[in-house]
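Numbered from 1 within each chain, the chains take letters A, B, ... in sequence-line order.
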Amino acid sequence: MKRKFLFISCEEAQEICDKSQYGEATAWEKLKLNLRYLYCSITRKYVKRNKKLSDSINQAPLDCLQKEELNALQKEFNLKLEQQKQG
Amino acid sequence: MPDHKLDPNKWVSLYSDYLFNYTITRINDREVAKDLVQETFFAGLKSMVNFKGQASERTWLISILKRKIIDHYRKINSKKGKAEVKVNFNTEEDEGDWLEERVADPYDRTAEDTIENEELAMAIQKCMSKLSQKQAQVFKMKTIEGMDTETICNELNITASNLWVIIHRARTAMADCLENNWF
């Protein structure tokens, strides 16, 4: 029972790692992840790759259209598309 | 023999962010960038008959956007009447004076990094466009827009555990894609 309490599966470790990238993993979850990290090479590989992805995303000047902007664009485009079909 | 086909119904959902990101790194004005993306789609619709199918839809749209960006800068310059070019000439007599003009431009050192980061942003957008629509939507909301889990769950009507499964799949696909195209 105790063992299950502290030792987590690889999938669980990966989910905690994902949450951790967004600052949403609790201290207890992080502790369990760190424990698994010590003896599981798959977890170590996943953590390394996941961190690399986060670093790249933080480094890149990423910008995107907000939902409202996207909707407005879609609306305008649909109008134009209709006009084109009719004309 | 044409390999690619155009499907304008999907343009806005598939390519808006990619084109917008491409534009914003070159124009640096959100409103202008939005207008140029819209103009690109309109121009694409207009010249669909000219599409030969040799390039992908995205590549074809980017080529239209590039012309739009060039036209935008031409318009700005013609409004000013002339392009502003500033040249500093250094002669022997200047030696010792205006030291700051002789010091290496600190921005120059990071110019290469800036270009590399912009290319990285485009690679990330490219990989995002390969995700399923749901994965791309959740990944974008969580990672780029930085929305909190509860808001996304309410907006998309999904559970938190569902969200983390989608995020996990998206991140794995993104890491695979970037490993092949960037790292």
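The aromatic rings of B:W11 and A:F77 are tilted relative to each other, their planes meeting at an angle between 30° and 60°.
For a residue to count as touching a neighbouring chain, one of its non-hydrogen atoms must lie under 4.5 Å from one of that chain's; by this rule A:Q59 touches chain B with backbone and side chain alike. In this structure, chain B has heavy atoms under 4.5 Å from both the backbone and the side chain of A:E76. For B:F41, the parts sitting under 4.5 Å from any heavy atom of chain A are the backbone and the side chain alike. Proximity to chain B is limited to the side chain of A:Y22, based on heavy atoms less than 4.5 angstrom apart. Of the atoms belonging to A:Q66, heavy atoms from both backbone and side chain fall under 4.5 Å from chain B. Only the side chain of B:I144 comes within contact range of chain A, with at least one heavy atom under 4.5 Å from a heavy atom of that chain. B:D176 touches chain A through backbone and side chain together, each having a heavy atom under 4.5 Å away.
Tracing side-chain contacts under 4.5 Å through hydrophobic residues (I, L, V, M, F, W, Y), one reaches B:L178 starting from A:L62; they form part of the same cluster.
Note: A:Y46 and B:H168 meet the aromatic proximity criterion, with ring centroids under 6.0 Å apart.
Across B:T25, B:V37, B:V165, B:T172, the residue that shares the most heavy-atom pairs under 4.5 angstrom with chain A is B:T172. Options B:M141, B:Q125, B:K140 differ in how many heavy-atom pairs under 4.5 Å they form with chain A, and the most are formed by B:K140. Considering only heavy-atom pairs separated by less than 4.5 Å from chain A, the leading option among B:D148, B:I24, B:T143, B:N9 is B:T143.
Note: B:I124 CD1 to B:M122 CE = 10.5 Å, rounded to the nearest 0.5 Å.
For the pair B:R58 and B:Y18, the cation sits on the ring face: its NZ or CZ lies under 6.0 Å from the ring centre, inside 45° of the axis.
Between the side chains of B:T149 and B:K142, at least one donor-acceptor pair of N or O atoms lies under 3.5 Å.
Under the 4.0 Å criterion applied to side-chain N and carboxylate O atoms, B:D71 and B:K68 are not assigned as salt-bridge partners.
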